[in-house]
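Notes for the one structure printed next.
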Amino acid sequence: MKIRSAVLREMVAEGPFADSKPLVISELELAPPGPGEVLVKMIAAGLCHSDLSVITGVRPRPLPMALGHEASGEVVEVGSGVDNVRPGQKVALVFVPSCGHCSPCMEGRPALCEPGNGANGKGELLQGGHRLSQAGATVNHHCGVSAFSEYAVVSARSCIPIGDDIDPVEAAVFGCAVLTGVGAVVNTGQVRPGASALIVGLGGVGLSALLGALAAGANPIVAVDVHDSKLDLALALGATHVVNARDADAVARIRELTKGGVDYAFEFAGSVPAMQLAYAATRRGGTTVTAGLPHPNDQWPLQQLSLTAEERTIKGSYIGSCIPARDIPRYVGLYRAGKLPVNRLIGEKLKLDDINAGFDRLASGSGLRDLIVF
Ligand code: ZN
Ligand code: ZN
């Protein structure tokens, strides 16, 4: 079938993207779903910093690539052997499909699935190869999803049903922002009620983590960003304190507010200064978690002694250490119960044709989670 899709043809280091238009709205040919695959009609897709990192070359991927990895959609058709979804169901799409039988999958860590991440790196689907082309030339899939497209063929392992009783547009954020942010707090950090938490970097993922820390009963919760508008939003969402990272005494203030540092610090900005701030603001015996994605060449200098002498823990968190089929229904349940109001993180609703300007807004760091609505 013919579909319209936002395709990255070459990387562009800097905006304004509304002028350079790195994403070209193109008519592509989409092959039907093979065994274990699903044809999904896209409902909404989030603009995420990981997409921006592919556009700017911070996370190089094979080109041309149909971009986008956070989305909700409706199942249109299933290939042979698919038994977890059926046509008509609304689904959230997950950006690492898991094979179910590699070592990480068998250890209950599907976010680290080896074939899933291998296929993503090559721009292929989990079952191998491509379903997208233009005039006979292959177009790569982004994270097995390619969400900025009217339709997509994805692995059935990328699809998690969400039910018909929630807004399917808002549900787009469950696949990346919510899975990554809430999961960093409850799965990777395993925050306990009453423990103090620090959230550094208030994009879609960081704000989701803030909601996750609230749901987990963390207190106090300090939120950090460089934009005052984000700090105001964090207070409105329930952060007990906010600190602007540009303040020279930011670390000292966090340590004072939390009587010697936080039990759990979470870094989502994907930068060395943000990680340094998060580590410096963590208390003796505390845990620092990073889910940011810095440039692969970035190095973080660490005082090694502090790990031993202060019994510190540092953890990386990829997609919130999630088990998608377990976690998305749990987070949707919290959302339904009013305990995870992810709808408050959603900003502008854009048309596919306005996607390049949307990435300018994301790059400015001041907006909320903008969605392409199909
Ligand atoms: Zn993302
Ligand atoms: Zn696997």
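Atoms within a ligand are numbered from 1 in the order they appear, just like the ligands themselves.
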message = Below 30° counts as parallel, above 60° as perpendicular, anything between as tilted: where do the rings of Trp300 and Tyr279 land?
response = perpendicular
Partner of Leu132 by side-chain contact (heavy atoms from CB on, under 4.5 Å), out of Leu125, Thr138, Ile3 = Ile3
ask   = Looking at Leu211, Leu334, Leu214, which one forms a side-chain contact (heavy atoms from CB on, under 4.5 Å) with Pro341?
value = Leu211
ask   = Do Ser26 and Arg9 have a side chain donor and acceptor closer than 3.5 Å?
value = yes
Thr282-Thr288 side chain donor-acceptor pair, cut-off 3.5 Å = yes
ask   = Using a side-chain heavy atom cutoff under 4.5 Å and only I, L, V, M, F, W and Y, what cluster partners does Val58 have?
value = none
inquiry  = If you round to 10 degrees, what value do you get for the angle at the Zn ion (ligand 2) between Cys99 atom SG and Cys102 atom SG?
reply    = 110°
query = Taking the Zn ion (ligand 1) as the center, what protein N, O or S atoms are found at less than 2.8 Å?
reply = Cys48 SG, His69 NE2, Cys176 SG
